[in-house]
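For reference, the structure discussed in these notes is given below.
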Amino acid sequence: MTITIRPLQPSDRVAWEPLWAGYQRFYEVVIPPETTNLTWSRFQDPGEDMHALGAFDDSGRLVGIVHAIFHRSTWLPKYTCYLQDLYVDDTQRGLGTGAALIDAVADLARANGAGRLYWMTHETNATARRLYDRIAERSGFIQYRKPL
């Protein structure tokens, strides 16, 4: 099977929504519809530093999504690319779709002059961590959050 990865277009919204919902179920979060609508509009705005890519199978079905955000860093002179969300349909796991999506974000980051690509996952996400440990280095940093 061949996977084609490309930026998501406005017409992909209906196919993106079930994967976005699956991502939220996996992490046991509920993102309000108005936030989802705003996020989607940012993906479609060329003035925003947010990007959404999709992995499509041979039949044209969207089987994986990834979202990336570019931002400045106090540690690097170049932009940094944060891979915020990565989700692959259950039927496609273990077939290389996640790695292909990460590679596509790395290509996007290079093309936009970023000096680093990074991401996080939950410590209990053993399946993803096996992939990440194979293709990247763990930074050793632990994330903390303070509600505002």
Side-chain angles (χ1 to χ4, degrees), residues 2-57 60-89 92-93 96-125 127-148:
T2 304
I3 293 293
T4 302
I5 298 176
R6 64 165 173 79
L8 294 178
Q9 304 299 316
S11 60
D12 296 317
R13 171 89 189 246
V14 171
W16 170 82
E17 285 181 351
L19 294 173
W20 181 233
Y23 179 81
Q24 292 175 62
R25 276 191 306 277
F26 180 83
Y27 280 110
E28 299 176 351
V29 298
V30 176
I31 297 174
E34 53 274 5
T35 302
T36 292
N37 290 336
L38 178 60
T39 296
W40 182 259
S41 71
R42 288 174 174 165
F43 292 150
Q44 304 307 315
D45 182 347
E48 286 282 349
D49 286 330
M50 295 178 71
H51 302 267
L53 303 176
F56 295 82
D57 68 10
R61 183 173 71 101
L62 183 61
V63 296
I65 58 173
V66 66
H67 305 146
I69 302 170
F70 288 87
H71 64 86
R72 294 195 182 274
S73 169
T74 59
W75 290 22
L76 297 170
K78 296 181 176 185
Y79 273 87
T80 297
C81 183
Y82 174 47
L83 188 158
Q84 185 165 19
D85 311 305
L86 173 66
Y87 186 77
V88 174
D89 184 83
Q92 298 298 306
R93 298 216 176 119
T97 304
L101 284 163
I102 292 169
D103 285 345
V105 172
D107 290 343
L108 178 68
R110 281 188 214 86
N112 284 279
R116 175 180 293 148
L117 169 61
Y118 73 103
W119 62 91
M120 298 180 288
T121 194
H122 196 273
E123 65 187 343
T124 61
N125 192 350
T127 302
R129 290 181 64 190
R130 278 191 298 277
L131 168 63
Y132 302 160
D133 287 343
R134 194 175 76 244
I135 65 172
E137 299 174 9
R138 273 197 271 171
S139 68
F141 284 89
I142 300 170
Q143 183 190 52
Y144 291 88
R145 295 181 182 173
K146 182 174 178 66
L148 302 176

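A heavy-atom distance below 4.5 Å is found between the side chains of Ile3 and Gln92. Contact check for Asn112 versus Phe70: side-chain heavy atoms found under the 4.5 Å cut-off. Ile102 places a side-chain heavy atom less than 4.5 Å from the side chain of Trp119. Contact of the Asp89 side chain with the Leu19 side chain is registered, since non-hydrogen atoms from C-beta on lie closer than 4.5 Å. Taking the side chain as every heavy atom from C-beta outward, Tyr27 and Thr121 approach each other to under 4.5 Å. Contact check for Tyr87 versus Val63: no side-chain heavy atoms found under the 4.5 Å cut-off. Between Tyr79 and Arg72, the closest side-chain pair of non-hydrogen atoms falls below 4.5 Å. Using a 4.5 Å heavy-atom cutoff, the side chains of Ile65 and Asp85 are not in contact.
Annotation: Glu34, atom CD; neighbour count of heavy atoms from other residues, nucleotides and ligands within 6.0 Å is above 12.
For the residue pair Pro10 and Gln44, the shortest heavy atom distance occurs at CD-OE1, 3.0 Å. Here the closest heavy-atom approach between residue Cys81 and residue Val105 is recorded as SG-CG1, 3.8 Å. For the residue pair Thr97 and Ala55, the shortest heavy atom distance occurs at CG2-CB, 3.7 Å. The two residues Leu101 and Gly64 have their closest heavy-atom pair at CD1-C, 3.8 Å. Closest approach of Ser73 and Thr80 over heavy atoms only: CB-OG1, 3.4 Å.
Note that CD of Gln84 is 6.5 Å distant from OH of Tyr23, once rounded to the nearest 0.5 Å. The CH2 atom of Trp20 sits 6.0 Å away from the OG1 atom of Thr36 when rounded to the nearest 0.5 Å. Put simply, CG on Asp57 and CG on Leu62 are 9.0 Å apart, with the number rounded to the nearest 0.5 Å.
A donor-acceptor pair is defined here as one N or O able to donate and one able to accept, closer than 3.5 Å; such a pair exists between the side chain of Asp45 and the backbone of Gly47. A donor-acceptor contact shorter than 3.5 Å links the side chain of Arg129 to the backbone of Glu123. No donor-acceptor distance shorter than 3.5 angstrom exists from the side chain of Arg6 to the backbone of Leu53, with no hydrogens or angles considered. The closest donor-acceptor contact from the side chain of Thr35 to the backbone of Ile31 lies at 3.5 Å or more, if one exists at all. One N or O on the side chain of Asp12 and one on the backbone of Gln9 form a donor-acceptor pair closer than 3.5 Å.
The aromatic ring centres of Tyr82 and His71 sit 6.0 Å or more apart. Centroid-to-centroid, the aromatic rings of His67 and Trp40 stay 6.0 Å apart or farther.
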Applying side chain to side chain donor-acceptor pair (under 3.5 Å), run through Asn125 and Arg130 and close with a yes or a no.
CA-CA 9 Å; Asn125 192 350; Arg130 278 191 298 277; over 6 Å; no
